[in-house]
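Every chain is numbered from 1, with letters handed out A, B, ... down the list of sequences.
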Amino acid sequence: MKSFSRNVFLVVKKIPLGKTMTYKQVAEKASRPRAWRAVGNILNKNDDQKIPCHRVICSNKAAGGYRLGTKEKIRILRKEGVVFEK
DNA sequence: CGTATGACGTGCA
DNA sequence: GTGCACGCCATAC
């Protein structure tokens, strides 16, 4: 891949441990501030092991979704040091 | 090439 | 605060 998806993966990989970023922010850094839709779609169809996609959440502070299950996503985030209190 | 889909976001009732 | 509808972009079929 050498398109928007590649950029998205790069941005997600840049997310520091213990931190989370919203789909919109990722899309914005990916040079496509209006493609947050595609961001989740790409990550979903490209569940790359090298990409901490579980650190990408919704803008409303909600975990959002996950290919393996939202609860699994939250579980991973907890292990990373990110706690979803709400 | 065109249609449908989806890990969303925002606005309005 | 909750629910519904519309809009948006890239990828898959």
message: Output the rounded distance in Å from OH (Tyr23(A)) to P (dA10(C)).
response: 17 Å

- line: Lys61(A) NZ to dG9(B) C1', in whole Å, measures 13 Å

message: What is the separation between atom CD1 on Ile74(A) and atom C1' on dA7(B), rounded to the nearest whole Å?
response: 13 Å

field: Distance below 4.0 Å between Ser3(A) side-chain N/O and dT11(C) OP1 or OP2
entry: yes

field: Student check: side-chain heavy atoms of Ile42(A) and Phe9(A) closer than 4.5 Å
entry: yes

query: Within this structure, what is the CZ-to-C1' distance between Phe4(A) and dG6(B), rounded to whole angstrom?
result: 14 Å

- prompt: What nucleic acid atoms does Arg67(A) come within less than 4.0 Å of, heavy atoms only: base, sugar-phosphate, or nothing?
  reply: nothing

message: Could you tell me how far apart Asn60(A) (CG) and dT2(C) (C1') are, to the nearest whole angstrom?
response: 13 Å

query: Taking Arg55(A) for the side chain and Ile15(A) for the main chain, is one N or O donor matched with an acceptor at less than 3.5 Å?
result: yes

field: Rounded distance in Å - NZ (Lys24(A)) to P (dG7(C))
entry: 17 Å

message: Are Tyr66(A) and Ile57(A) linked, directly or through intermediate hydrophobic residues, by side-chain heavy-atom contacts shorter than 4.5 Å (ILVMFWY only)?
response: no

query: At under 4.0 Å between heavy atoms, what does Ala38(A) touch on the DNA or RNA strands: base, sugar-phosphate, or nothing?
result: base

query: Among the nucleotides dA7(B), dG7(C), dA10(C), which one has an atom lying closest to any side-chain atom of Arg32(A)?
result: dA10(C)

- prompt: What is the distance from OH of Tyr66(A) to C1' of dG6(B), rounded to the nearest Å?
  reply: 17 Å

statement: Out of dT10(B), dG6(B), dC9(C), minimum distance to the side chain of Ser59(A) belongs to dT10(B)

message: From CZ of Arg34(A) over to P of dG9(B), roughly how many Å is that when rounded to an integer?
response: 16 Å

- prompt: Hey, does the side chain of Ser5(A) come within less than 4.0 Å of dT11(C)'s phosphate (OP1/OP2), counting only N and O?
  reply: yes

field: Nucleotide nearest Lys45(A) (side chain, heavy atoms from C-beta), chosen from dG9(B), dG6(B), dA12(C)
entry: dA12(C)

field: Residue among Thr70(A), Ile74(A), Val82(A), Leu77(A) satisfying side-chain contact (heavy atoms from CB on, under 4.5 Å) with His54(A)
entry: Leu77(A)

task: Would you indicate whether Lys19(A), at its atom NZ, is surrounded by more than 12 heavy atoms from other residues, nucleotides or ligands within a distance under 6.0 Å?
output: no

